[in-house]
Asker: 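Structure provided below as structure tokens; questions to follow.
So you know, we letter chains A, B, ... as the sequences are listed, proteins then strands, and number each from 1.
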Amino acid sequence: MQKEYQTITSIAGPLIMVEGVDDIKYEELCEITLPSGEIRLGKVLEANEGMAMVQMFENTQGVGTKGSKARFLGKTLEIPVSEEMLGRVFDGKGKPIDGGAEIIPEKRLDINGAPLNPFSRDYPNDFIQTGISTIDCLNTLVRGQKLPVFSGAGLPHAQIAAQIARQAKVRSEGSGDFAVVFAAMGVTFEEAQYFTDEFRKTGAIERAVLFINTADNPVVERIATPRMALTTAEYLAYEKDMHVLVIMTDLTNYCEALREVSAARKEVPGRRGYPGYLYTDLATLYERAGRIKGRKGSITQIPILTMPEDDITHPIPDLTGYITEGQIVLSREHHRKGIYPCINVLPSLSRLAPTARKVTREDHEGMFAQLYAAYARGVEVRDLAIILGEAALQEVDKLFLQFANNFESKFIAQGEYEDRTIEDTLSIGWDLLRILPKTELKRVKEDHIAKYMDGKSAAEPEDSEEE
Amino acid sequence: MSEQKGTIIKVAGPLVVAKGLPHAKMYEVMRVSDKGLIGEVIEIKGDNVSIQVYEETSGVGPGEPVVSTGTTMSVELGPGLLESIYDGIQRPLPLIEAQSGAFIARGIEVPALDRKKKWNLEPTVSVGDKVIAGDVLGEVQETNLIRHKVMVPPTLKEGTVLEIKSGDHTVEEVIAVVEDTSGKKHDLTMMQRWSIRKPRPSANKKIPNEPLITGTRVLDTLFPITKGGAGCIPGPFGAGKTVTQQSLAKYCDAQIIVYIGCGERGNEMTDVLIEFPHLEDPNTGEPLMKRTILIANTSNMPVAAREASVYTGITIAEYYRDMGYNVALMADSTSRWAEALREMSGRLEEMPGEEGYPAYLGSRTAEFYERAGIVDCLGSDDRVGSLTAIGAVSPPGGDLSEPVTQNTLRVTKVFWGLDAKLAYRRHFPAINWLNSYSLYLDNIGSYAKKAVAEDYMDVRGTGMSLLQEESKLEEIVKLVGMDALSAKERLILESAKSIREDFLFQNAFDPEDAYTSLAKQYWMLKTIISVYQEALPLVSKEGFEIEKLLNLPVLQEVAKCKEIKADNLEAYAELIERIKKEIGKLAAKMETES
């Protein structure tokens, strides 16, 4: 029988001090029983001799130094998992909120997981077709990758994430569908509902597990939510051989929660008040993506974060970028112009793309380099044209400007429900390159120009669709 | 000294405070809790001993035991290091996998060097020989590239060989007995231990003046580093730090590579692990793994071990330097190491310096980079070994004014500044030629003159000045447009563009392009510059049009001059002749027209 302590001595924000305790462990769970009989959960943040600092997952409203009781549970935070979780919706603490029954657990897993041995990892190289041209061709997503979306307030990251979740498939196998684990942290009710409805509407809910912590839920619970989701994902991927796509939104809220706890503990703050261990903490989430040698399943992560003031150097996107394997950056300018998906091609990057580009089609590598270079030049020319006027541009620069405009309206822009194959995407690319002089096409191979642009080899069926 | 047992009184993340350890010493290794977690003493305050624990501490609580080991954090040095992959405290990752599966469990104890494997020792001394510290007792063929030299440990100053064994032995078997001057007998094995925070001694440190050839054009030609030099690569994410580091690890002409993945991505280490055994060393043709030691402490592995990983790596590197090899060490990224320092410092409630980093960040950084250098090794055979240290720095937001970058710049002589703007333009390696520098230029000047060509430095100088001119002219173009430029200025712009696109741009993923020999680099740049030099007298003449020059077919060949093979360098000289001829023709035509 565990002891109950009535020795709560101080309460500050989410932190509670319990004195006179013995035999407590770091990270151990703690139940606080209010005078009303209500039970709230926390964990040990600092274990001292005779004193424990407990961080509550729920708010501390109504907790007092007199009358409230603390009980240490002798275990760390665990989540019950089972295959039945697919199709269900949970709150940020892992309790079902869809009106269904409690899960009958197959096992209970520590939500912190253990670090994956780099030697046991398998290098991700299966191309995931998302049906979005800018991702498939220019920022190729790979199974086992962590590729965040850097968004801003008011940008349609939810739609883009939902489109990826809907369309993502691996083509090399017959059943390329993903199981989706979705973690919402501090999002509005509407955004949470959007995802739930979207999954229901398309039937994807059958293969999805949703963890929802909305903006009005306790802040500290947000720190546990992504870990619940990732533990579930690891269970599905490595024990049930599924390919799991984890979508987490919004990491900015998660980091704010960390900052809140750090400030309450009076820790020395790092940049912009975020704790010095923000990098390490984020890494323990992001690094849980990947593949393991000899196991079938994989975890692909798409974390979404909103950059405060669209500032990519803000600590949250900055540290994220240092951990993740690339980033998809959304552009407010594109969004204002009505381009959907408003992906800003130039600062976006997928680090794992070089291997993936080799397995799609032979012209992918060259097409990637050429489109990127030509668009970058076009954008530069556009800036120049603002100062000098379009008339002052050189002839060839005018073509690049034209190319950049076409690229935005035909290649970047596509429908929310438009699912392009990689071949479609590449042939749009060849179409766009047509307006440039061939001497400027330095990055694509000449035989690929002959084959795909001039259609000299009739072997490729999509050539006939061009113009 | 007998084992002491203390009791934990506080646990906060990786920091554990214990009491009841009166004989604890700074940096002594402790086994913490019933799980036997490995930790290191970092502060002693009266009875209280603060320990940074290299493993996750959840589930550990006050009252549990702490056992002292009496030794400081040290690494095992001996044959079998090469081709290994270790975590931050030198535990082989494959053995950890064998014990705990794909996820790393806690409290695992595995030996760094294989205790069962036998190595064939060929003695180089005989009984009765006088030896001093650092003398080679015998050699072992560690991989088919490297002969491992079994040396008298630095702590044994002088003595006489009483016994020496040849043939197959494990690293723990006594292979030699040496009697020191005081008459004490020392049993020597092939394995030595060395504390990771103490630099291994050498006889004499020298000024480095031979370049470390990396095969990356922008580095070798514009901002060279020496064997035994120290360099840093700061850059925002996505600018290509890791690709540059890996490219260095693959192609540089050091004999031993120590690659430390410090707090970086797991998949990157996997990439190295999968790729290196298949890639050939351009200098020897053997698989790269045969000369490589990997230290992997990825970002999700415990933060304290990250702090130790750079020291583990550099101690191993020093050991091979002591054998007389040229060793290159890459640390990716030292910012994570600094952050680990900051995290521990914060938990110790030390007074913070800039941005929360401890005040000793600067001195720790300097100590680390000072362990690089070219040295006369200990021992009587005049071996010279070098250790080149190249650290990546990940400044938050790409802001170079932050403390880690600034402290690193103070002690490194080579600065390869990665630039996000170049990366956005997909100009790789995205090393900014305007703000990068190398202070070793003078050191290697005489080497390059002898090894490559008399006018090597002049060609480099011309190239650099063209690039500098270009940046100035670009400002003007932005304001008033291209038409306002004179013909000469247009020529400078076009030449600089050619240097950028045809010389500096290099594809690290293209096996042909990834490595360029120093001689070929020289000829490529000389070819590109010869266009500028030949055309320069023409520009001031009447009737000159830059388009006519650019349309010369020979310029297409210049743009593709990287395709000329390294064993066919005469082709460059021929190309330069053709450039002279064609531009000469153009000049003649201009004469007749006017």
Asker: For A:Leu116, which atoms come within 4.5 Å of any heavy atom of chain B: side chain, backbone, both, or neither?
Answerer: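 When you check distances to chain B, atoms from both the backbone and side chain of A:Leu116 fall under 4.5 Å.
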
Asker: Need one label for A:Leu384: side chain, backbone, both or neither, based on atoms under 4.5 Å from any heavy atom in chain B.
Answerer: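 Side chain only.
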
Asker: Can you say whether A:Pro317 sits under 4.5 Å from chain B via the side chain, the backbone, both, or neither, judging by heavy atoms?
Answerer: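 Only the backbone of A:Pro317 comes within 4.5 Å of chain B.
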
Asker: Assess whether a salt bridge exists between B:Glu402 and A:Arg271, defined as any Lys/Arg side-chain N lying under 4.0 Å from an Asp/Glu carboxylate O.
Answerer: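 Between A:Arg271 and B:Glu402 there is no salt bridge, as every charged N stays at least 4.0 Å from the carboxylate O atoms.
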
Asker: Starting at CG of A:Asn48, measure out to CD1 of B:Ile9 and round the result to the nearest 0.5 Å.
Answerer: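 The CD1 atom of B:Ile9 is 7.5 Å from CG of A:Asn48, to the nearest 0.5 Å.
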
Asker: Should the pair A:Arg443 and B:Phe505 be classed as cation-pi, given the thresholds of under 6.0 Å to the six-membered ring centre and 45° from the axis?
Answerer: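 Verdict for B:Phe505: a cation-pi partner in A:Arg443.
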
Asker: What part of A:Pro347 is in contact with chain B, defined as an atom under 4.5 angstrom from a non-hydrogen atom: side chain, backbone, both or neither?
Answerer: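 Contact with chain B: backbone and side chain both.
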
Asker: I need the residue from B:Ser299, B:Gly61, B:Ala102 with the largest number of non-hydrogen atom pairs under 4.5 Å to chain A.
Answerer: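 Most heavy-atom pairs within the cutoff with chain A belong to B:Ala102.
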
Asker: To check you understand the geometry: which heavy-atom pair defines the closest contact between A:Ala114 and B:Phe103, and what is its length?
Answerer: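 So the minimum-distance heavy-atom pair works out to O-CD2, 3.1 Å.
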
Asker: Under 4.0 Å between a Lys/Arg side-chain N and an Asp/Glu carboxylate O for A:Lys442 and B:Glu501?
Answerer: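 Looking at B:Glu501 together with A:Lys442, the answer is yes, because their closest N to O distance falls below 4.0 Å.
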
Asker: State whether the side chain of A:Arg121 and the backbone N or O of B:Asp271 hold a donor-acceptor pair below 3.5 Å, judged by distance alone.
Answerer: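 Looks like no, no N/O pair under 3.5 Å.
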
Asker: Are A:Glu365 and B:Phe509 close enough that some pair of their side-chain heavy atoms sits under 4.5 Å apart?
Answerer: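 They are not in contact (no side-chain heavy atoms under 4.5 Å apart), so the answer is no.
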
Asker: Is the charged tip of B:Arg265 near the ring of A:Tyr322: under 6.0 Å from the six-membered ring centre and within 45° of its axis?
Answerer: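 Pair B:Arg265/A:Tyr322 does not count as cation-pi.
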
Asker: So which part of A:Tyr372 gets closer than 4.5 Å to some heavy atom of chain B, the side chain, the backbone, both or neither?
Answerer: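 Contact with chain B involves the side chain of A:Tyr372 alone.
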
Asker: Counting heavy-atom pairs closer than 4.5 Å to chain A, which one of B:Val480, B:Val303, B:Thr242, B:Asn300 comes out on top?
Answerer: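 Option with the greatest count: B:Asn300.
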
Asker: Closest heavy-atom contact between A:Pro118 and B:Leu273?
Answerer: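 In this case the closest contact between A:Pro118 and B:Leu273 is O-CD1, 4.1 Å.
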
Asker: Of the listed residues (B:Thr7, B:Val60, B:Leu294), which shares the most heavy-atom pairs with chain A below a 4.5 Å separation?
Answerer: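 Of the candidates given, the most pairs with chain A belong to B:Val60.
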
Asker: Looking only at heavy atoms, which two atoms of A:Val268 and B:Gly356 are closest? And how far apart?
Answerer: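 Result for this residue pair: CG1-CA, 4.3 Å.
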
Asker: Between A:Glu46 and B:Ala12, which heavy-atom pair has the shortest distance, and what is it?
Answerer: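 Closest approach of A:Glu46 to B:Ala12, heavy atoms only: CG-CB, 3.6 Å.
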
Asker: Which one wins on heavy-atom pair count under 4.5 Å against chain A: B:Glu56, B:Arg106, B:Glu64?
Answerer: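 It is B:Glu64.
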
Asker: Top residue by heavy-atom pair count (under 4.5 Å) with chain A, among B:Val17, B:Thr57, B:Ile96, B:Ile8?
Answerer: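 Heavy-atom pairs under 4.5 Å are most numerous for B:Thr57.
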
Asker: Taking side chain as everything from C-beta outward and backbone as N, CA, C, O, which of these in A:Phe72 sits under 4.5 Å from a heavy atom of chain B? Side chain, backbone, both or neither.
Answerer: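 Neither the backbone nor the side chain of A:Phe72 comes within 4.5 Å of chain B.
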
Asker: As an exercise: rank B:Arg336, B:Arg306, B:Glu264 by heavy-atom pairs under 4.5 Å with chain A and give me the winner.
Answerer: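 If we count pairs closer than 4.5 Å to chain A, B:Arg336 comes out on top.
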
Asker: What is the minimum heavy-atom distance between B:Asn267 and A:Gly144, and which atoms define it?
Answerer: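 Nearest pair, atom of B:Asn267 first, then A:Gly144: ND2-O, 3.8 Å.
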
Asker: Taking the six-membered ring of A:Tyr277 (Phe, Tyr or Trp), confirm whether the NZ or CZ of B:Arg347 is under 6.0 Å from its centre and within 45° of its axis.
Answerer: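 Yes - B:Arg347 lies over the ring of A:Tyr277, closer than 6.0 Å to its centre and within 45° of its axis.
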
Asker: Would you sort out whether A:Glu49 and B:Lys19 count as a salt bridge (Lys or Arg N to Asp or Glu O under 4.0 Å), showing the intermediate values?
Answerer: CA-CA 11 Å; A:Glu49 207 173 29; B:Lys19 64 174 184 190; 3.4 Å; yes

Asker: Would you check if the side chain of A:Asn117 reaches a backbone N or O of B:Leu93 as a donor-acceptor pair within less than 3.5 Å?
Answerer: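 Judged by distance alone, yes, a pair lies under 3.5 Å.
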
Asker: Flag the pair B:Glu275 / A:Tyr123 as yes when at least one side-chain heavy-atom distance between them is below 4.5 Å, and no otherwise.
Answerer: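 B:Glu275 vs A:Tyr123: side chains apart.
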
Asker: Tell me, side chain or backbone of A:Thr324 under 4.5 Å from chain B's heavy atoms, or both, or neither?
Answerer: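 For A:Thr324, the backbone is the part near chain B, not the side chain.
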
Asker: Check whether A:Arg351 gets within reach of chain B through its side chain, its backbone, both or neither, counting any heavy atom under 4.5 Å.
Answerer: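 For A:Arg351, the side chain is the part near chain B, not the backbone.
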
